[in-house]
2 protein chains.
Amino acid sequence: MKNVLSVTKALSDGNRLRTVMALHEMVELCVCQVTEMLGLAPATVSRHMSILQNAGLVSSRKNGRWVYYRLSEMAKTEPIVTVMDWLGESLDHSKEIKADRKYLRKIARCGAAQYCSNGSCEEG
Amino acid sequence: MKNVLSVTKALSDGNRLRTVMALHEMVELCVCQVTEMLGLAPATVSRHMSILQNAGLVSSRKNGRWVYYRLSEMAKTEPIVTVMDWLGESLDHSKEIKADRKYLRKIARCGAAQYCSNGSCEEG
DNA sequence: ATTACATTTCGATGATTGGCTAAATATAGA
DNA sequence: TCTATATTTAGCCAATCATCGAAATGTAAT
C-alpha cells in the first residue's frame, strides 16, 4: 500500500499537479523553469520534484549545473498511465493548466539554459 | 483543478484507501462495519466517509439508524474508473487489504444490523 | 415520553506538510 | 584556485490534517 500512497500523495498537491501537467506538455524541464512557472522558491520546487521522483512519477538527468526532469517510463506505461490519462482529461480545460501552458511556451522559446541564467526571456 | 485535487486528496490516506477497497469488495457497508474494520473512532470514520463522498467516490443511503456507503456511479464509470482499476490492481496483493478482506467476510456473515448492535459477530 | 443506539458535528490536540531562508553541494568558467 | 550559478539539504514556522472525546442529531423501540 505504501507505493500506492506515495503516488496518490504526490498527486494530492496543486503545485505538483501543475508540474506533472507541464512535463506532459513540454517533455523535459529543468528545475529553474518549473520554479519560474510555479513562482515558488527553488528549494520548495526541489522538494516537490523529489516527492514526485520518490513516487516514481518523474525521472531526472543531470547536465552540467542543471537537472532536467521528465515523466518516468513508469508514468507512461500500464497501469499508471491510466491515472495520468485521467489527469490529462480532467485538467486539460483547467484554467490554471491553460495559463501554465501559455507561460511554458514563452519559456521554451529561448531554451532552458538561457532562461535559467537570465531569470527571464527577452524573446530569444 | 479543485475537483481532481479532491479525488487525489481523498485517496492519499491509508484508511480511506482501505475503505475504498472494502467497498469494492463488499459493494455496501455501514459506518459501524467500516469502523470495526479500521479500528478507529466512529467520529473519525464518519469524517473519512464524508471526504470520500465530497470527492464523489462514494454515495450513501440511509436505512433506519444506519447509513450505508457504496462506490458511487462516478467511481464506476469513465474516466475515474481507470483510477479505481489501478487501485485494484496495485492493492490486490497488499498485505493490509488481504487482511481486511478476510475480516470483512467474517463481518458479512452475520449481516450489518446484527453486527452494529453487538459490536461483534458470534458466527450467526 | 423516554431510552437506546448509529451517525454526525464540534472543539481540541498531535502529526504531517508546504513554504521560506540560509547553508551546503556540485559544476562551469575565469 | 576563486567565483558564479543551479540544485539540494537543513532548520524553522504556519497551515492543514487525522484523530479523539463530548455533545448534538436522527431514528427505532419500549
Side-chain angles (χ1 to χ4, degrees), chain A residues 1-2 5-20 28-55 58-70 107 111-120, chain B residues 1-2 5-20 28-55 58-70 107 111-120:
Chain A
M1 182 153 76
K2 249 172 77 179
L5 270 177
S6 74
V7 171
T8 54
K9 282 187 180 176
L11 298 176
S12 69
D13 173 86
N15 287 320
R16 289 196 291 269
L17 277 190
R18 288 173 64 190
T19 304
V20 166
E28 194 175 62
L29 292 169
C30 75
V31 176
C32 70
Q33 291 177 305
V34 178
T35 299
E36 181 67 25
M37 182 189 81
L38 297 178
L40 297 174
T44 305
V45 174
S46 178
R47 204 167 142 41
H48 280 312
M49 299 315 293
S50 83
I51 289 172
L52 287 171
Q53 189 160 34
N54 287 336
V58 307
S59 60
S60 65
R61 104 186 141 82
K62 194 163 192 171
N63 187 6
R65 277 174 285 201
W66 300 288
V67 176
Y68 293 92
Y69 285 91
R70 59 169 65 207
I107 290 180
Q114 186 194 339
Y115 197 82
C116 293
S117 305
N118 294 352
S120 75
Chain B
M1 184 153 75
K2 249 172 78 180
L5 270 177
S6 75
V7 171
T8 55
K9 282 187 180 174
L11 298 176
S12 69
D13 174 87
N15 287 322
R16 288 195 293 268
L17 278 190
R18 290 172 64 191
T19 304
V20 166
E28 193 173 63
L29 291 168
C30 75
V31 177
C32 69
Q33 291 176 304
V34 178
T35 299
E36 181 67 25
M37 182 189 80
L38 296 178
L40 297 174
T44 305
V45 173
S46 178
R47 205 170 142 43
H48 281 311
M49 299 316 292
S50 84
I51 289 171
L52 288 171
Q53 188 161 35
N54 287 336
V58 307
S59 60
S60 66
R61 109 186 137 81
K62 193 164 192 172
N63 187 6
R65 278 175 283 202
W66 300 288
V67 176
Y68 293 93
Y69 285 91
R70 56 170 64 209
I107 290 179
Q114 188 194 337
Y115 197 82
C116 294
S117 304
N118 294 351
S120 74

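Chain naming here is simple, since letters A, B, ... match the order of the sequence lines and numbering starts at 1 in each. Just so it is clear, the structure is predicted and the values come from calculations on it, not from any experiment.
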> C:dT17 P sits how many Å from A:Leu17 CG, rounded?
Replying inline: 16 Å

>> Could you work out, with salt bridge (Lys or Arg N to Asp or Glu O under 4.0 Å) as the rule, every residue matching A:Arg18, not counting sequence neighbours?
In response: A:Asp100

>> It should be established whether B:Arg47 places a side-chain nitrogen or oxygen under 4.0 Å from OP1 or OP2 of nucleotide C:dC10.
In response: no

>> Using the side-chain heavy atoms of A:Trp66, tell me which of these nucleotides is nearest: C:dT8, D:dA18, D:dT7.
In response: D:dT7

> Can you tell me how far P of D:dA15 sits from NZ of B:Lys9, to the nearest Å?
Replying inline: 15 Å

> When the distance from CG of B:Asp13 to C1' of C:dA15 is rounded to whole Å, what number comes out?
Replying inline: 13 Å

> Any side-chain heavy atom of A:Gln33 within less than 4.5 Å of one from A:Cys30?
Replying inline: yes

>> To check you understand the geometry: which heavy-atom pair defines the closest contact between B:Ser60 and B:Val67, and what is its length?
In response: CB-CG1, 3.9 Å

> Quick one: B:Leu5 CG to C:dT17 P, roughly how many Å, whole number?
Replying inline: 16 Å

> Roughly how many Å is it from CG in A:Leu52 to P in C:dT17, rounded to a whole number?
Replying inline: 14 Å

> Taking the nucleotide of DNA chain C with the closest heavy atom to each, which residue, B:Pro42 or A:Gly39, is nearer the 5' end?
Replying inline: B:Pro42

> So does A:Tyr69 get a side-chain nitrogen or oxygen closer than 4.0 Å to the phosphate oxygens (OP1/OP2) of D:dA6?
Replying inline: no

>> Counting only side-chain nitrogens and oxygens, does B:His48 get under 4.0 Å of the OP1 or OP2 atom of D:dT19?
In response: yes

> Within the distance-only criterion (no hydrogens, no angle test), does the side chain of A:Thr19 pair as donor or acceptor with the backbone N or O of A:Asn15 below 3.5 angstrom?
Replying inline: yes

> If you check the A:Cys30 side chain, which of D:dA10, D:dT7, C:dG19 turns out closest?
Replying inline: D:dT7

> Are A:Leu40 and A:His48 close enough that some pair of their side-chain heavy atoms sits under 4.5 Å apart?
Replying inline: yes

> Which distance, rounded to the nearest 0.5 Å, do you find between the CZ of B:Arg70 and the CD of B:Glu28?
Replying inline: 4.5 Å

> What nucleic acid atoms does A:Ala41 come within less than 4.0 Å of, heavy atoms only: base, sugar-phosphate, or nothing?
Replying inline: base

>> Measuring from the side chain of A:Ile51 (C-beta onward, heavy atoms only), which nucleotide among C:dG18, D:dT8, C:dG19 has the closest atom?
In response: C:dG18

>> In whole Å, I'd like the distance from the CG atom of B:Leu40 to the C1' atom of C:dG14.
In response: 16 Å

>> From CG of B:Asn54 over to P of D:dC17, roughly how many Å is that when rounded to an integer?
In response: 12 Å

>> Output the rounded distance in Å from CD (B:Gln53) to C1' (C:dT8).
In response: 12 Å

> At their closest point, which heavy atom of B:Leu11 faces which heavy atom of A:Thr8, and how far apart are they?
Replying inline: O-OG1, 2.9 Å

> Nearest heavy-atom pair of A:Ser6 and A:Ala55: which atoms, and what distance?
Replying inline: O-CB, 3.3 Å

> Taking OP1 and OP2 of C:dC20, is either one under 4.0 Å from a side-chain nitrogen or oxygen of A:Thr44?
Replying inline: yes

Tabulated below should be each protein N or O lying under 3.5 Å from an N or O of nucleotides 23-30 of chain D; please produce it.
{"unit_1": "D:dG26", "atom_1": "O3'", "unit_2": "B:Lys62", "atom_2": "NZ", "d": "3.4"}

>> Taking the minimum atom-to-atom distance to the side chain of A:Asn15, which one of C:dG19, C:dT8, D:dT8 wins?
In response: C:dG19

